[in-house]
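So the structure is just underneath, and the comments pick up after that.
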Amino acid sequence: MNPRHLTLHQLRIFLAVARRGSFARAAEALHLAPPTLSLQVKQLSDAVGLPLFEQIGKRIYLTPAGELLAQAAGDVEERLLQLADDVAALRGVERGRVRVAVLTTAQYVVPKLLGAFCASHPGIDVAMHVGNREALLQRLAANQDDLYVLGAAPEHLDVVTEPFADNPLVLIAPPTHPLARARDIDPQRLAEEPFVLREPGSGTRSTAERFFAEHGVSLRVRLEVGSNEAVKQTVAGGLGVAVLSAHAVAAELALGELVALDVRGFPLLRRWQLLHPAGKRLSPAALAFKQWLQTHRPTFPPAAGE
Ligand code: PGA
C-alpha cells in the first residue's frame with residue numbers, strides 16, 4: 001500500500017466506524033450521509049489493498065488489516081491532539097482541552113468540581129465521559145482520555161495513580177423495611193432479602209458480590225438495572241435492597257427517602273483514584289484540572305457547606 005493515498009479525513013471516518021462497530025452510528029455521529037461514509041471507507045480499503053471490516057450477522061468486525069490501521073489511525077489522532085496541546089501550552093495554561101472519564105459513582109462529585117474549574121478557567125474545554133468500571137478500563141486501554149477517576153487501579157495496565165477520595169458503599173433499603181431500625185445486622189440475614197443489582201461490569205456490583213461471597217451468602221437477585229439512579233428508584237419502590245455508593249444516595253438518606261442498613265462490615269470502604277496512562281504527557285490544562293481535583297477533593301460525609 002502507498003500511505004500517500006490515505007487522507008486524514010478517511011482515517012477519522014474509519015476510526016469512528018471502528019470505535020462504534022457500526023457504519024450507521026458513525027455516519028450519525030459525524031453528520032455524514034451513509035453512502036458518503038461507505039464510499040470513504042471503500043476508498044481507504046482500496047488504498048490499503050485489503051478489506052478493513054467483515055460482517056458477521058448484523059455486526060461488523062475489524063479484519064487483521066483493519067486492526068493495524070485502527071492502531072495507526074489512533075496514533076495519528078493522539079499525535080495531532082498532542083500537537084494541539086503543545087500549541088496551547090505555548091499560549092499558557094489558560095487554553096487547551098481536557099478529556100476526563102469518571103465512574104458513575106463519581107458523577108455525584110466530579111461534575112460539581114468541573115463547574116467551578118470551568119468558571120475559573122474559561123479558556124479550557126473539558127469533555128467528560130461517565131461510565132462503569134469496565135467501560136472506563138476499555139477507554140483507558142484505548143488511551144481515549146487524559147484523566148480517569150476509577151476505583152482500584154488495574155494490574156495489567158501501566159498507569160500512574162494518586163489517591164483521590166473515599167467512595168464508601170452502603171446497603172440501602174426503603175424506610176419501611178423491617179430491618180431499617182435493626183443494629184449490627186449479620187450479613188447472613190441478607191440471604192433472605194431480594195436484591196437490586198447494577199449491571200455486570202459495575203465495580204459497585206462486583207464489590208458487593210465479593211463481600212457477600214466472602215460471607216458465604218448467595219444473593220437473591222430480584223432485578224438488574226443499569227444505573228445508580230434506577231437502582232435508587234427501584235429500592236424506594238420497595239422491590240428490594242441494594243448496595244450503592246454513599247455519594248449516590250446522600251440526598252435520599254438525608255431526606256429519609258432511603259435508609260442505610262446497619263449491616264456488619266458496612267460501609268464497604270473503597271477509594272477513588274485519579275489516574276492516567278504511564279506514558280501519557282499531560283497537557284498544562286490537564287495538569288491544572290488534576291491539581292484542581294486534588295485541592296477540592298470531596299470528603300464523606302460532606303463537610304459543612306458542601
Ligand atoms: P461503577 O463504579 O459501579 O459504575 O463501576 C463504581 C466503582 O467501580 O467503584
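Nothing fancy with the numbering, it's 1 onward along the sequence. In listed order, ligands and their atoms are each counted from 1.
Judged purely by distance below 3.5 Å, without hydrogens or angles, the side chains of R198 and T104 pair a donor atom with an acceptor atom. For the residue pair Q144 and H129, no side-chain donor N or O sits within less than 3.5 Å of a side-chain acceptor on the partner.
For ligand 1, the polar-atom distance check against W272 finds no nitrogen or oxygen pair separated by under 3.5 Å. Between S202 and ligand 1, an N or O atom pair is found at a separation short of 3.5 Å.
Looking at L103 against ligand 1, only its side chain comes within 4.0 Å, counting heavy atoms.
Summary of contacts: the protein heavy atom closest to atom 1 (P) of ligand 1 is G203 N, 3.5 Å. Of all protein heavy atoms, the one lying nearest to atom 4 (O) of ligand 1 is T104 OG1, 2.5 Å. Atom 9 (O) of ligand 1 has as its closest protein heavy atom R270 NH2, 2.8 Å.
Of the possible polar contacts, one joining the W292 side chain to the L113 backbone as a donor-acceptor pair under 3.5 Å is found.
In the vicinity of T105, heavy-atom distances shorter than 4.0 Å reach the ligand 1 atoms 2 (O), 6 (C). Ligand 1 places these atoms under 4.0 Å from at least one heavy atom of R198: 1 (P), 3 (O), 4 (O). Taking every non-hydrogen atom of N167 and a distance limit under 4.0 Å, the qualifying atoms of ligand 1 come out as 9 (O). Heavy-atom contacts of N132 reach the following atoms of ligand 1: 4 (O), 5 (O) (cutoff under 4.0 Å). Close approach of ligand 1 to R133 is summarised as follows: ligand atoms under 4.0 Å from at least one heavy atom of the residue are 5 (O), 8 (O).
Considering every non-hydrogen atom in both A106 and P111, the closest pair reads O-CD, 3.8 Å.
Between F211 and F266, the ring planes lie perpendicular to each other; the angle is over 60°, past the 30° to 60° tilted range.
A heavy-atom separation below 4.0 Å is not found between G151 and ligand 1.
Both L293 and L150 are assigned to one and the same hydrophobic cluster, defined by single-linkage of ILVMFWY side chains at heavy-atom distances under 4.5 Å. Clustering ILVMFWY residues whenever any of their side-chain heavy atoms sit less than 4.5 angstrom apart, transitively, puts V170 in a cluster other than the one holding L190.
Counting heavy-atom neighbours within 6.0 Å of R183 CZ, excluding the residue itself, gives a total above 12.
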